[in-house]
Amino acid sequence: MRKASLIQFARQVIKSSSSNCRFFSSSPSNNKLFVAGLSWSVDEKSLKEAFSSFGKVSEVRIMYDKDSGRSRGFGFVNFSSEDEAGSAKDAMDGKAFLGRPLKVSFALDRVNREAMSTRHSNKGTTFSHSR
DNA sequence: GTTGAGCGTT
């Protein structure tokens with residue numbers, strides 16, 4: 001048996017069980033990585049360049065503050081495979097990036113954009129009529 | 001010009 005097969009086996013169990021994946025894997029997410037401890041001057045392309053060295057980065061999302069426009073100091077990195085995500089996490093977690101110790105862990109899937117807004121079917125009232 | 005644990009749409 002291979003250790004890679006163990007991961008694939010875990011994924012099948014995750015797909016089979018809707019929410020019990022926490023018991024089979026230490027990672028709540030497969031290829032989504034939560035990156036914190038960043039400097040406030042770090043942007044998405046910098047993190048992508050840093051993490052793409054360990055694997056194929058599919059998406060990089062850094063959270064910014066809408067009140068000040070500056071970065072909140074944390075973000076998310078999506079990898080093409082969980083193996084690369086785990087390698088990047090194991091490699092970048094605890095290391096330093098732009099002068100600050102990096103904190104990398106698996107991300108919690110907070111929301112799916114596909115199921116986000118579809119509730120605007122309510123079109124009976126019109127606020128534009130206020131005068 | 002600032003600050004420093006965290007899990008999301010800026």
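Naming: A, B, ... by sequence-line order, numbering from 1 per chain.
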Colleague: Mind calculating the distance between NZ (K32(A)) and P (dG6(B)) to the nearest angstrom?
Modeller: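 So the NZ-P distance, K32(A) to dG6(B), works out to 22 Å.
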Colleague: How many Å lie between CG on L108(A) and P on dA5(B), as a whole number?
Modeller: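 L108(A) atom CG is separated from dA5(B) atom P by 20 Å.
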Colleague: Got a sec, which pairs hit salt bridge (Lys or Arg N to Asp or Glu O under 4.0 Å) with one end in residues 38-55 of chain A, sequence neighbours left out?
Modeller: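 Listed once each, the pairs are D43(A)-K45(A).
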Colleague: Please work out which residues in residues 40-57 of chain A have a non-hydrogen atom less than 4.0 Å from an atom of DNA chain B and list them by number.
Modeller: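 Under 4.0 Å from DNA chain B: W40(A).
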Colleague: Among dT9(B), dG6(B), dG4(B), which nucleotide sits nearest the side chain of F34(A)?
Modeller: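 The nucleotide sitting nearest to the side chain is dG6(B).
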Colleague: Which residue pairs satisfy the salt bridge (Lys or Arg N to Asp or Glu O under 4.0 Å) criterion with at least one member in residues 84-95 of chain A, sequence neighbours excluded?
Modeller: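 Every pair satisfying salt bridge (Lys or Arg N to Asp or Glu O under 4.0 Å) with a residue in residues 84-95 of chain A: K56(A)-E84(A).
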Colleague: Please list, in numerical order, the residues of residues 68-80 of chain A that have a heavy atom closer than 4.0 Å to any atom of DNA chain B.
Modeller: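 Of all residues in residues 68-80 of chain A, the ones placing a heavy atom under 4.0 Å from DNA chain B are R70(A), R72(A), G73(A), F74(A), F76(A).
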Colleague: Do V35(A) and L102(A) have side-chain heavy atoms sitting under 4.5 Å apart?
Modeller: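 Yes, close enough: below the 4.5 Å cut-off.
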Colleague: To the nearest Å, give me how far apart CG (D93(A)) and P (dC7(B)) are.
Modeller: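 Atom-to-atom, D93(A) to dC7(B), this comes out as 15 Å.
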Colleague: For residues 43-67 of chain A, pull every pair meeting ring-ring contact (aromatic ring centres under 6.0 Å, His included), keeping only residues two or more places apart or in separate chains.
Modeller: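 Every pair satisfying ring-ring contact (aromatic ring centres under 6.0 Å, His included) with a residue in residues 43-67 of chain A: there are none.
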Colleague: Can you tell me how far apart CG (L33(A)) and OG (S105(A)) are? Round to the nearest 0.5 Å.
Modeller: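 Here the rounded value is 7.0 Å.
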Colleague: What is the distance, to the nearest angstrom, from the CD atom on E59(A) to the C1' atom on dT10(B)?
Modeller: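 Going from E59(A) (CD) to dT10(B) (C1'), I get 14 Å.
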Colleague: What heavy-atom pair brings S46(A) and V42(A) nearest, and what distance separates the two atoms?
Modeller: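 For S46(A) and V42(A), the tightest heavy-atom pair comes out as CB-CG1, 4.2 Å.
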Colleague: Map R100(A) and D65(A) onto DNA chain B by nearest heavy atom, then report which one ends up closer to the 5' terminus.
Modeller: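 Result of the comparison: R100(A).
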Colleague: Rounding to a whole Å, what distance do you find between L102(A):CG and dC7(B):P?
Modeller: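 Value for this atom pair: 16 Å.
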Colleague: Atom CD1 in I62(A), atom CG in L47(A): separation rounded to 0.5 Å?
Modeller: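 Here the interatomic distance stands at 4.5 Å.
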Colleague: Counting any heavy atom closer than 4.0 Å, what does L33(A) reach on the DNA or RNA strands: base, sugar-phosphate only, or nothing?
Modeller: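 No contact.
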Colleague: Check side-chain contact (heavy atoms from CB on, under 4.5 Å) between S58(A) and all other residues, then give those that pass, not counting sequence neighbours.
Modeller: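 S58(A): side-chain contact (heavy atoms from CB on, under 4.5 Å) contacts with N78(A), S80(A).
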Colleague: What nucleotide among dG6(B), dG4(B), dC7(B) has an atom nearest to a side-chain atom of S105(A)?
Modeller: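 Of all the options, the side chain of S105(A) is nearest to dC7(B).
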Colleague: Mapping I62(A) and K103(A) onto DNA chain B by nearest heavy atom, which one lands closer to the 5' end?
Modeller: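 Its nearest nucleotide being more 5', the pick is K103(A).
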Colleague: F76(A): what forms a ring-ring contact (aromatic ring centres under 6.0 Å, His included) with it, not counting sequence neighbours?
Modeller: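 Residues passing ring-ring contact (aromatic ring centres under 6.0 Å, His included) with F76(A): F34(A).
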Colleague: By nearest atom, which of the nucleotides dT10(B), dC7(B), dA5(B) is closest to the Y64(A) side chain?
Modeller: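 Closest nucleotide to the Y64(A) side chain: dT10(B).
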